[in-house]
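Input: a single structure, listed below in structure tokens.
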Amino acid sequence: MAKIAMLGSGFIGRFYADSLQGQRSRDKIVSIYSRREESAKKFAEDYNVAHWTTEMEAAVSQPDVEVVCISLPNNLHEAAVNLCCKHKKAVICTKPLGRNAQEAKRMLEAVEKAGIFHGYLEDLVYTPKFSKALQSVQAGALGRILWAKSRETHPGPHSEWFWDKEQAGGGCILDLGCHCVEIARSFIGKDIKPVEVMCWADTQVKPIDAEDHAIGLVKYENGAIGQFEVSWTFRGGLDLRDEVMGTEGTIWLNSFLRTGFDMFTTGKGADYVAEKAESNSGWLFPVGDELNELGYNHMFTDMFNAMENNTPARETFYDGYVVNAILDAAYKSAATKQWEPVQLDIWRGLEGVSKTKTLTDYNDQYYLVKEEMTHFGAKKLILKDKVTGSIIERTE
């Protein structure tokens, strides 16, 4: 049984607690820290936590605490990580790791210097649909990955600190783009270096200083493109969709808004439907098992199995650092309106990967561009001459 100190008693802390202590889990939260006494007490009561405190170090330093779970606002992550290093406690941290890459780098270097376990709680790369899709991609079912797109949009986050640019570090790019970047990066290959980013961002609806809508392209060293679409202005609930295109196939994933569970109600007796649902009447799309569908159960299983086996988790602080570096480039690009390089002081993947060129021989004279069967029963070939480069069409 893992004995856990939870730092943060808000929305994500409760999602984590529901997963950690649900379904007869053997893991147990033994200490809860919250900045507000009433929140700490309520969390302790709801989840049967023996120790509560409004002093962060008091929670981390509890003698029976083995692992610290950080579910705090972004501006408090680094201080919490440093306390874990001081007291030599394993640490798992919610996304994004830092408000920027330099913050994330300091946290990565701190945990590695302290020699403690570190895990990056990026739940959306643990969802059942994503995991199955990734297995197919890694098995070669889609061939060489050319393009991976991830979209997360909703009406905006729940807590007030998200809307404060200083506390959060940014707007929807940092809040949602961290998910999308890591999803695309996983499909393309986490050992493939991201090299530059082009991003558009704007504040279209919300009365805030940060961006509420953004679209970005991330170019990888092997020529693949990652794309993210994020928004706090989308009406209609939480929309999570991914697309992957390769030389041999395509995958489309719809993880949340269309669940296969459709319900109509006038609203009588209705309450909570799903995360960020905007209505509890009309046609609704409930989620059968939110914790499972959003990947929390699988994520914590991976984290604790890795701790027990003394191996790295699938997602570590290093992954969080790389994501932060990509998002830093996105913010810079949104300001300059140009492609901006990804600055990675620490890179542990492949180097010098060239763009793969796929040329299919048709015969000694031609490359095959395309082959198709027409509606009138003939086979059409598009061919390129190997010497002259001219394109011809041939019907058989």
Side-chain angles (χ1 to χ4, degrees), residues 2-8 12-13 16 27 29-31 33 53 55-123 125 167-170 174 178 181-182 185-186 190-191 193-194 299-300 302-329 342-351:
K3 296 178 181 179
I4 305 152
M6 181 69 70
L7 306 185
I12 193 62
Y16 288 169
D27 305 309
I29 300 169
V30 297
S31 181
Y33 157 77
T53 179
E55 296 293 331
M56 192 188 301
E57 188 164 7
V60 175
S61 63
Q62 279 288 302
D64 56 343
V65 166
E66 299 168 323
V67 56
V68 176
C69 182
I70 301 173
S71 57
L72 295 167
N74 299 345
N75 61 313
L76 300 177
H77 290 185
E78 188 173 9
V81 167
N82 287 337
L83 286 174
C84 294
C85 294
K86 176 182 176 181
H87 294 281
K88 301 295 185 182
K89 299 294 176 75
V91 58
I92 51 180
C93 183
T94 192
K95 61 81 196 173
L97 182 58
R99 289 176 293 179
N100 53 60
Q102 286 306 305
E103 225 173 51
K105 180 185 174 184
R106 290 195 299 267
M107 286 185 263
L108 171 62
E109 291 176 333
V111 294
E112 290 186 338
K113 182 178 179 180
I116 60 174
F117 178 91
H118 50 97
Y120 178 51
L121 299 180
E122 175 45 79
D123 59 288
V125 300
Q167 291 185 73
L174 195 60
C178 60
V181 163
E182 189 65 349
R185 179 173 168 251
S186 297
K190 292 203 293 184
D191 58 346
K193 193 173 187 178
M299 176 179 69
F300 286 119
D302 174 61
M303 294 292 159
F304 293 124
N305 283 346
M307 275 184 246
E308 290 174 2
N309 296 327
N310 197 29
T311 60
R314 273 176 48 194
E315 293 286 319
T316 69
F317 277 22
Y318 172 71
D319 296 296
Y321 161 69
V322 174
V323 169
N324 268 127
I326 293 170
L327 296 181
D328 279 2
V342 178
Q343 300 291 339
L344 281 167
D345 298 334
I346 303 171
W347 173 247
R348 296 169 181 170
L350 301 175
E351 294 279 4

Query raised in the report: If you measure from OG1 on Thr311 to CG on Asn305, what distance do you get to the nearest 0.5 Å?
Result: 8.0 Å
Report task. Sort and list the pairs that fulfil salt bridge (charged side-chain N to carboxylate O under 4.0 Å, His left out) and have at least one residue in residues 108-123, not counting sequence neighbours. Result -> Glu112-Arg348
Report task. Not counting sequence neighbours, which residues clear side-chain contact (heavy atoms from CB on, under 4.5 Å) with Ala114? List them please. Result -> Cys85, Lys88, Ile116
Report task. Kindly give the heavy-atom pair with the smallest separation between Ala313 and Phe117, and that separation in Å. Result -> CB-CZ, 3.9 Å
Requested in this report: Provide the closest heavy-atom pair for Leu174 versus Cys178 in the form atom of the first, atom of the second, distance.
Outcome: O-SG, 3.2 Å
Requested in this report: For residues 74-83, pull every pair meeting side-chain hydrogen bond (donor to acceptor under 3.5 Å, both in side chains), keeping only residues two or more places apart or in separate chains.
Outcome: Glu78-Arg106
Query - Whether over 12 other heavy atoms sit under 6.0 Å from Asn309 CG - result: yes
Please list, one pair per line, the donor and acceptor atoms closer than 3.5 Å that link side chains of residues 60-70 to other protein atoms, with sequence neighbours excluded.
from	atom 1	to	atom 2	distance (Å)
Ser61	OG	Glu57	O	2.7
Gln62	NE2	His51	NE2	3.3
Glu66	OE1	Lys3	N	2.8

Requested in this report: Please name the pair of heavy atoms, one in Asn324 and one in Pro96, separated by the smallest distance, quoted to 0.1 Å.
Outcome: ND2-CB, 4.4 Å
Report task. List the atom of Ile92, the atom of Phe304, and the distance in Å for their closest heavy-atom pair. Result -> CD1-CZ, 4.5 Å
**Report entry** Set of residues satisfying ring pair (Phe, Tyr, Trp, His ring centres under 6.0 Å) with respect to Phe317, sequence neighbours excluded
**Finding:** His118
**Report entry** Qualifying salt bridge (charged side-chain N to carboxylate O under 4.0 Å, His left out) pairs with a residue from residues 89-100, counting only residues at least two apart or across chains
**Finding:** Lys95-Asp175, Arg99-Glu103, Arg99-Glu166
Requested in this report: Find the distance between OH (Tyr318) and CG (Leu108) and round it off to the nearest 0.5 Å.
Outcome: 9.0 Å
Report summary line: Sorted by chain and number, sequence neighbours left out, salt bridge (charged side-chain N to carboxylate O under 4.0 Å, His left out) with Asp319 holds for Arg185, Lys190
Report summary line: On a heavy-atom basis, the closest approach of Asp27 and Ala2 is OD1-N, 3.1 Å
Query raised in the report: So, do Pro194 and Leu344 sit near enough that their side-chain heavy atoms are less than 4.5 Å apart?
Result: yes
Requested in this report: Would you confirm whether Ser71, through its side chain, and Leu7, through its main-chain N or O, come within 3.5 Å as a donor-acceptor pair?
Outcome: yes
Query raised in the report: Taking the side chain as C-beta and beyond, is there a heavy-atom pair between Met303 and Leu121 under 4.5 Å?
Result: yes
Query raised in the report: Mind checking what makes side chain to side chain donor-acceptor pair (under 3.5 Å) contact with Asn100, not counting sequence neighbours?
Result: none
Query - Tyr33 vs Met6 side-chain heavy atoms within contact, under 4.5 Å - result: no
Query - Sequence-distant partners of Glu55, side chain to side chain donor-acceptor pair (under 3.5 Å), two or more places apart - result: none
Query raised in the report: By ring pair (Phe, Tyr, Trp, His ring centres under 6.0 Å), which residues pair with Phe300, not counting sequence neighbours?
Result: Tyr16
Query - Test side-chain contact (heavy atoms from CB on, under 4.5 Å) applied to Val111 and Cys84, step by step - result: CA-CA 8 Å; Val111 294; Cys84 294; over 6 Å; no
**Report entry** Glu315 and Asp302, any side-chain heavy atoms less than 4.5 Å apart
**Finding:** no
Query raised in the report: Can you list the residues that meet the side-chain contact (heavy atoms from CB on, under 4.5 Å) rule with Asp345, with sequence neighbours excluded?
Result: Gln102, Lys105, Tyr321
Requested in this report: Locate the shortest heavy-atom distance separating Ala59 from Ala5; write the atom from each residue and the value.
Outcome: O-CB, 3.7 Å
Query - Distance (rounded to the nearest 0.5 Å) between Tyr120 OH and Glu182 CD - result: 6.5 Å
